[in-house]
Amino acid sequence: MTLNKDFWASQVGAILSQGRDYGNSTIGANAKINVEYVSANPTGPLHIAHARGAVIGDALANLLAKAGYDVTKEYYINDAGSQIDTLARSSYLRYREAFGEEITIPEGFYPGDYLVAVGENLKARDGDKWMNAEEADWLPVVRDFASDAMVVKIKEDLAQLDIVQTFSSEKALVKSGAVERAFKMMDEKGVMYRGVLEPPKGKAPEDWEPREQWLFKATDFGDDVDRPVQKSDGSWTYFANDVAYHFDKHERGFVEMVDIFGVDHGGYVKRMKAAVQAITSVEGSLDILLCNLVKLSRGGEQVKMSKRSGNFITLREVVEEVGKDIVRFLMLTRKPDAPLDFDLDLVIQSSPDNPVWYLHYANARIEALFKMTRDLLPDLEINDKDLLGADLGLLGESEELNLIKQLTAWPRVVESSAKAREPHRIAFYLNDVSAAFQRWYSTGNKNAALRVVVQGDKDLTTARLALAKATAHVIASGLAIMGVEPLKEMR
RNA sequence: GCGCCCGUAGCUCAGUAGGAUAGAGCACAGGAUUCCUAAUCCUGGGGCCACAGGUUCGAAUCCUGUCGGGCGCACCA
């Protein structure tokens, strides 16, 4: 330990000179990588479960950027499916309602009152133009109008979490003929054929009938069965569109891709990976992260959410209640595939049960050290230049070295977390950093000679403040990946 | 029936190129406040890492099987 003392001390200088950039890596080699997340159907506002995928995806993207990748954050708008028709019909009812008509919302429609404004806005734009029109005439118009309105809402919801993404439209993709192009390309690669599938085991659908159809030879790429790409009415399946979308990403230069899904889409993983293998001739890679459920509670009581009644707590409500940083932090305190409890009361408490505060407290203490130095030792000029010039050889106490070792693990944490695509490790690491700092700090409570600020010893104080500053840099660097602002003081 | 994920302390969870006596928080028992913010720190008890095999010098980690829990299973997205 004594032999290495100078080495460890010199690392503090390295952290100070790089600041928040400490830990930046080049393992990504500036390769283009696409991280796709949220991608919720534009049929309503985002709710709390969406937030988990949103935060994990966004943090992963930030992490990959720090690891040296050229990252694109992307949102795939599923605006071409049948649920958009349902959205349009639901909105059309609200449109009629805007003219004073009594409406009843049938089973299977979207009952949420967020569509009231859509109906009113449509009335404001088009007047009574659609009141006596046939569905075939108004449906395409209302479809666009309503889904555009929902996309606007979703973007607002994401903006509240500081999430900005590139939006790609399924509808536009299909319109451009991308699906036909992808199909043709795959047919030429010999991975498409006409065939009949076995009926699914277990619960067989009543309307099952053997049918010859176009199938993707997914079993050649690790999937369990071959996958249909065309529905019986001749239109493309969702999967076919998604294949085309991933082909589109590949054509845009992304060799590596990451998709963030909910656990309920776990059955979709193999076929999508198989498709990317086929599309890219096994050169590309697709990683898929499955996010487990978020159990929202309040004071231990589970908050009931009913989609059917449209009575669910929106992401917007949660963010307005507890704040962006707490939402983002909490979402990263579990590995993605573990279920997560989110207690609205607990997370805003200043309680030891609240993991957010522990980290903030460490950072606030560091800020307080500098504030106090200015107040108590006005003759001591502390600025970045002084800190860089500190005699770091004065550091060497056991808890000092322990903290330094913890800090110097940061670059390795960045690289291993990026490789594993697991941004939650950042949260756990920062917790360890905070603990190491608190342990060091508290040694000063028992022994005044071990305090950071030592009266009458400018050199030692400067060296220790340098270590405190280095700690703050690493915390800031990690929180930046998580998308959380460090707190300078506790209130 | 098949596929994927999970099973680690009383509770909630980390532990990921296989590596030393398996870690943290909460809870429980005790201790620290003439102090740089105690929203903190220290000490202690508490584990057959679901179970059984296998690979290895070495397994919570890799392989096989069993049990238990979650999710999914044409022409929805």
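Naming convention: chains lettered A, B, ... in sequence-line order (proteins, then strands); numbering from 1 in each chain. Only this structure's heavy atoms are used, side chains among them; waters, hydrogens and symmetry mates stay out. It should be emphasised that the depicted structure is a prediction, and the values quoted were computed from it without experimental measurement.
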Query raised in the report: Between A:R439 and B:U40, does any side-chain N or O lie under 4.0 Å from OP1 or OP2?
Result: no

Query raised in the report: Among B:C75, B:C36, B:A14, which is the nearest nucleotide to the side chain of A:N445?
Result: B:C36

Requested in this report: For the residue pair A:D325 and A:H360, confirm or rule out a side-chain donor-acceptor distance under 3.5 Å.
Outcome: no

Query raised in the report: For A:Y358 and B:C41, is the shortest distance between a side-chain N/O and OP1 or OP2 below 4.0 Å?
Result: yes

**Report entry** Distance, rounded to the nearest Å, where A:D233 contributes CG and B:A74 contributes P
**Finding:** 18 Å

Query raised in the report: Which nucleotide, B:A74, B:U16, B:A77, lies nearest any side-chain atom of A:R211?
Result: B:A74

Query raised in the report: Distance between the P atoms of B:G69 and B:U8, in whole angstroms?
Result: 14 Å

Requested in this report: For the residue pair A:K66 and A:S477, confirm or rule out a side-chain donor-acceptor distance under 3.5 Å.
Outcome: yes

Report task. Round to the nearest Å and state the distance from A:R271 atom CZ to B:G3 atom P. Result -> 16 Å

Query raised in the report: Which word best sums up how the rings of A:H424 and A:F428 line up, parallel for under 30°, tilted for 30 to 60°, or perpendicular for over 60°?
Result: perpendicular

Report summary line: Residue pair A:E170/A:L197 against RNA chain B: nearer the 5' end by closest nucleotide is A:L197

Report task. Tell me what A:V263 touches on the nucleic acid: a base, only sugar-phosphate, or nothing, going by heavy atoms under 4.0 Å. Result -> sugar-phosphate

**Report entry** Rounded P spacing from B:G7 to B:U61 in Å
**Finding:** 11 Å

Query - Separation of atom CD in A:Q438 from atom P in B:G25, rounded to whole Å - result: 12 Å

**Report entry** Among B:A74, B:U16, B:A77, the nucleotide that comes nearest once only the side chain of A:S82 is considered
**Finding:** B:A77

Report task. Quick one: look up who B:A60 pairs with, Watson-Crick or G-U, both distances under 3.5 Å, and put none if it's unpaired. Result -> none

Query raised in the report: For B:U55, which nucleotide in any strand shown is its Watson-Crick or wobble partner with both distances under 3.5 Å?
Result: none

Query raised in the report: Taking the same atom, C1', in B:U66 and in B:A9, what whole-Å distance lies between them?
Result: 25 Å

Query raised in the report: Across all strands, who's sitting opposite B:A9 as a Watson-Crick or G-U wobble pair, both distances under 3.5 Å?
Result: none

Requested in this report: Give one of base, sugar-phosphate or nothing for A:R451, where a contact means two heavy atoms less than 4.0 Å apart.
Outcome: base

Report task. Could you check whether A:M372 gets within reach of a base, just the sugar-phosphate, or nothing at all, counting any heavy atom under 4.0 Å? Result -> sugar-phosphate

Report task. Considering only atom C1', compute the distance from B:C42 to B:G58 and round it to an integer number of Å. Result -> 34 Å

Report task. Between B:A77, B:C13, B:C36, spot the one nearest the side chain of A:N78, thanks. Result -> B:A77

Query raised in the report: Which nucleotide in the list B:U12, B:C36, B:G3 gets nearest to the side chain of A:K270?
Result: B:G3

Query raised in the report: Reckon A:G444 touches a base, only the sugar-phosphate, or nothing at all at heavy-atom distances under 4.0 Å?
Result: base

Requested in this report: Report the distance from atom CG of A:N447 to atom C1' of B:C36, rounded to the nearest whole Å.
Outcome: 13 Å

Query raised in the report: Does any nucleotide pair with B:U16 by Watson-Crick or G-U wobble geometry, both distances under 3.5 Å, and what is it?
Result: none

Report task. Look at the side-chain N and O atoms of A:K273 and state whether any lies under 4.0 Å from the OP1 or OP2 oxygen of B:G3. Result -> no

Requested in this report: Output the single nucleotide from B:A74, B:C6, B:A39 whose closest atom is nearest the side chain of A:P228.
Outcome: B:A74

Query raised in the report: P atom, B:A24 versus B:G15: distance in rounded Å?
Result: 15 Å

Query - Integer-rounded Å distance: B:U16 P and A:D287 CG - result: 18 Å

Requested in this report: Searching all strands shown, indicate the nucleotide that pairs with B:U66 (Watson-Crick or G-U wobble; both distances under 3.5 Å).
Outcome: B:A50

Query raised in the report: Taking the side chain of A:D341 as heavy atoms from C-beta outward, which of B:U12, B:A77, B:U37 is closest to it?
Result: B:U12

Query - A:A364, nearest nucleotide to its side chain (from B:A39, B:C75, B:U37) - result: B:U37

Query raised in the report: Taking atom types as modelled, is there a side-chain donor on A:E415 or A:S25 under 3.5 Å from an acceptor on the other?
Result: yes

**Report entry** Distance in angstrom units between A:L332 CG and B:C13 P, rounded
**Finding:** 16 Å

Query raised in the report: Just by distance, do the side chain of A:D79 and the backbone of A:E170 share a donor-acceptor pair under 3.5 Å?
Result: yes

Report task. Tell me what A:Y238 touches on the nucleic acid: a base, only sugar-phosphate, or nothing, going by heavy atoms under 4.0 Å. Result -> base

Query raised in the report: So what does A:S232 touch, heavy atoms closer than 4.0 Å: a base, only the sugar-phosphate, or nothing?
Result: base

Requested in this report: Looking at every strand, decide which applies to A:H265 at a 4.0 Å heavy-atom threshold: base, sugar-phosphate, or nothing.
Outcome: base

Report task. With heavy atoms under 4.0 Å as the rule, sort A:E198 into base, sugar-phosphate or nothing. Result -> nothing

Report task. Sticking with atom C1', work out how far B:A60 lies from B:A14, rounded to a whole angstrom. Result -> 12 Å

Query raised in the report: Would you call A:K249 and A:E74 a salt bridge, taking side-chain N to carboxylate O under 4.0 Å as the test?
Result: no

Query raised in the report: RNA chain B: A:A338 or A:Y361, which has the more 5' nearest nucleotide?
Result: A:A338

Requested in this report: Starting from P on B:C13, measure out to CZ on A:R334 and report it in whole angstrom.
Outcome: 5 Å

Requested in this report: Look at the rings of A:F183 and A:W214 and say which category their plane angle falls in: under 30° parallel, 30 to 60° tilted, over 60° perpendicular.
Outcome: perpendicular

Query raised in the report: Is a donor-acceptor contact shorter than 3.5 angstrom present between the side chain of A:E489 and the base of B:U37?
Result: no

Requested in this report: Please state whether the rings of A:F239 and A:Y268 are parallel, tilted or perpendicular, taking 30° and 60° as the class boundaries.
Outcome: perpendicular

Query - B:C51 to B:A27 separation - P atoms, rounded to the nearest Å - result: 28 Å

Report task. Give the C-alpha distance, both sets of side-chain angles, the deciding distance and a yes or no for side-chain contact (heavy atoms from CB on, under 4.5 Å) between A:F221 and A:F216. Result -> CA-CA 10 Å; A:F221 302 92; A:F216 162 53; 4.0 Å; yes

Report task. Consider the side chain of A:A420, meaning its heavy atoms from C-beta on, and name the nucleotide among B:C36, B:U16, B:A77 that approaches it most closely. Result -> B:U16

Query raised in the report: Touch check for A:F239, heavy atoms < 4.0 angstrom, all strands: base, sugar-phosphate only, or nothing?
Result: nothing

Requested in this report: Would you state whether a donor and an acceptor, one from the side chain of A:R425 and one from the base of B:U16, lie under 3.5 Å apart?
Outcome: yes

Query raised in the report: Taking any strand in view, what nucleotide pairs with B:C2 in a Watson-Crick or G-U wobble way, both distances under 3.5 Å?
Result: B:G72

**Report entry** Test item: A:Y92 and A:L139 side chains (from C-beta on) under 4.5 Å apart, heavy atoms
**Finding:** no

**Report entry** C1' gap between B:C49 and B:C6, integer Å
**Finding:** 14 Å

Report summary line: pair_partner(B:C36), Watson-Crick or wobble, both distances < 3.5 Å, evaluates to none

Query raised in the report: Across the strands shown, which category fits A:K335 at heavy-atom distances under 4.0 angstrom: base, sugar-phosphate, nothing?
Result: sugar-phosphate

Query raised in the report: What is the pairing partner of B:G44, taking Watson-Crick or G-U wobble pairs with both distances under 3.5 Å in any strand?
Result: B:C28

Requested in this report: Could you please name the option among B:C13, B:C36, B:C41 that lies closest to any side-chain atom of A:V452?
Outcome: B:C36

Report task. Would you kindly give the CG-to-P distance between A:N431 and B:G15, to the nearest whole Å? Result -> 13 Å

